[in-house]
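The structure appears right after this line, and notes come after that.
Just so it is clear, the values below take in all heavy atoms, side chains as well, and ignore hydrogens, waters and symmetry mates.
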Amino acid sequence: MIAYNAMKLRRLRETARQLNAATIDCRLRRDHAMEALHAARSAMASYTNYQGPPVEGVERDPRTGEAVRVRRLRPAVPNHVAQALRDREADYQALAHEHSDLSTRWAEAAGLVENLERYLKDQGVDLGSR
């Protein structure tokens, strides 16, 4: 029984180590996603905060086909800029959720390792160095 528990402890330690490494990796990816999100927000702000001269032009009225003079106060945000912002926000949210899940799993595994170590020490098992 003690040999089984010692083997189980080694496996739990390895699982906790792997979860810790995955949590650190995910945190780094989340940080990079945050930087990309800030860059996308900055690109969006450069369009929405534009204070230059009004945009004037001629467009066709889709109903009549006639040429109509158009005057806009600001240029419209290009679709690719808005889509990039939505993509970066989705990436960041997914990584934040994954990081939270991994952190929880690592904490649970570390708690199991601690409890099993305490149990084995109470049973008189010499665990040696970690």
Side-chain angles (χ1 to χ4, degrees):
M1 184 67 170
I2 290 177
Y4 170 76
N5 283 332
M7 181 184 66
K8 191 174 183 179
L9 178 61
R10 282 192 297 278
R11 287 184 183 158
L12 274 173
R13 282 180 179 164
E14 179 61 21
T15 299
R17 187 194 64 73
Q18 289 173 353
L19 283 169
N20 187 34
T23 301
I24 291 169
D25 178 60
C26 186
R27 184 177 59 231
L28 292 173
R29 289 184 291 129
R30 184 194 64 188
D31 291 346
H32 284 101
M34 176 58 87
E35 292 171 8
L37 179 57
H38 284 307
R41 285 181 178 158
S42 177
M44 181 70 114
S46 70
Y47 284 98
T48 57
N49 295 332
Y50 179 71
Q51 298 298 322
V55 176
E56 295 186 32
V58 176
E59 292 182 1
R60 295 251 175 232
D61 184 344
R63 291 172 287 159
T64 63
E66 295 178 8
V68 180
R69 190 163 199 70
V70 176
R71 180 177 169 103
R72 292 189 188 105
L73 296 179
R74 292 187 191 137
V77 176
N79 288 338
H80 72 279
V81 173
Q83 184 62 47
L85 178 60
R86 287 190 295 271
D87 291 347
R88 297 301 80 76
E89 287 173 342
D91 291 347
Y92 177 76
Q93 291 299 324
L95 285 169
H97 180 74
E98 180 182 352
H99 181 261
S100 175
D101 181 51
L102 284 169
S103 294
T104 301
R105 291 173 51 205
W106 173 75
E108 289 171 353
L112 289 173
V113 167
E114 187 177 311
N115 290 340
L116 188 54
E117 284 175 345
R118 190 177 313 121
Y119 170 77
L120 289 173
K121 284 180 185 174
D122 291 346
Q123 296 297 315
V125 177
D126 179 26
L127 298 177
S129 65
R130 291 179 175 238

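Using a cutoff of 4.0 Å between basic side-chain nitrogens and carboxylate oxygens, Asp31 and Arg27 are not scored as salt-bridged.
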Test side-chain contact (heavy atoms from CB on, under 4.5 Å) applied to Tyr119 and Gln123, step by step: CA-CA 6 Å; Tyr119 170 77; Gln123 296 297 315; 3.5 Å; yes
Please assess Leu102 against His99 for the test side-chain contact (heavy atoms from CB on, under 4.5 Å), listing each intermediate value before the final yes or no. CA-CA 5 Å; Leu102 284 169; His99 181 261; 5.8 Å; no
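For Thr23 (side chain) and Leu19 (main-chain N/O), a donor-acceptor pair under 3.5 Å exists by modelled atom type. Remark: the backbone N or O of Ala96 is not paired with any side-chain donor or acceptor of Ser100 at under 3.5 angstrom.
To the nearest 0.5 angstrom, Ile24 atom CD1 is 10.0 Å from Ser103 atom OG. A distance of 9.0 Å separates CD in Gln83 from CZ in Arg88, rounded to the nearest 0.5 Å. Residue Lys8 holds its NZ atom at 11.5 Å from OG1 of Thr15, rounded to the nearest 0.5 Å. Note that CZ of Arg10 is 11.0 Å distant from CG of Asn5, once rounded to the nearest 0.5 Å. How far CG of Leu9 is from CG of Leu116: 5.0 Å, rounded to the nearest 0.5 Å. Once rounded to the nearest 0.5 Å, the distance linking CG of Leu95 with NE2 of His32 reads 11.5 Å.
Donor-acceptor pairing under 3.5 Å is lacking for the side chains of Glu89 and Gln93. A side-chain donor-acceptor contact under 3.5 Å links Arg118 and Asn115.
No side-chain heavy atom of Leu112 sits under 4.5 Å from any side-chain heavy atom of Glu108. Using a 4.5 Å heavy-atom threshold, the side chains of Glu98 and Arg30 count as separate.
Contact between Arg13 and Val113 at its shortest, heavy atoms only, is N-CG2, 3.8 Å. Nearest heavy-atom pair, Ala33 versus Tyr92, reported as atom, atom and distance to 0.1 Å: CB-CA, 4.2 Å.
For Asp122, the CG atom is densely surrounded, since the number of other residues' heavy atoms within 6.0 Å is greater than 12.
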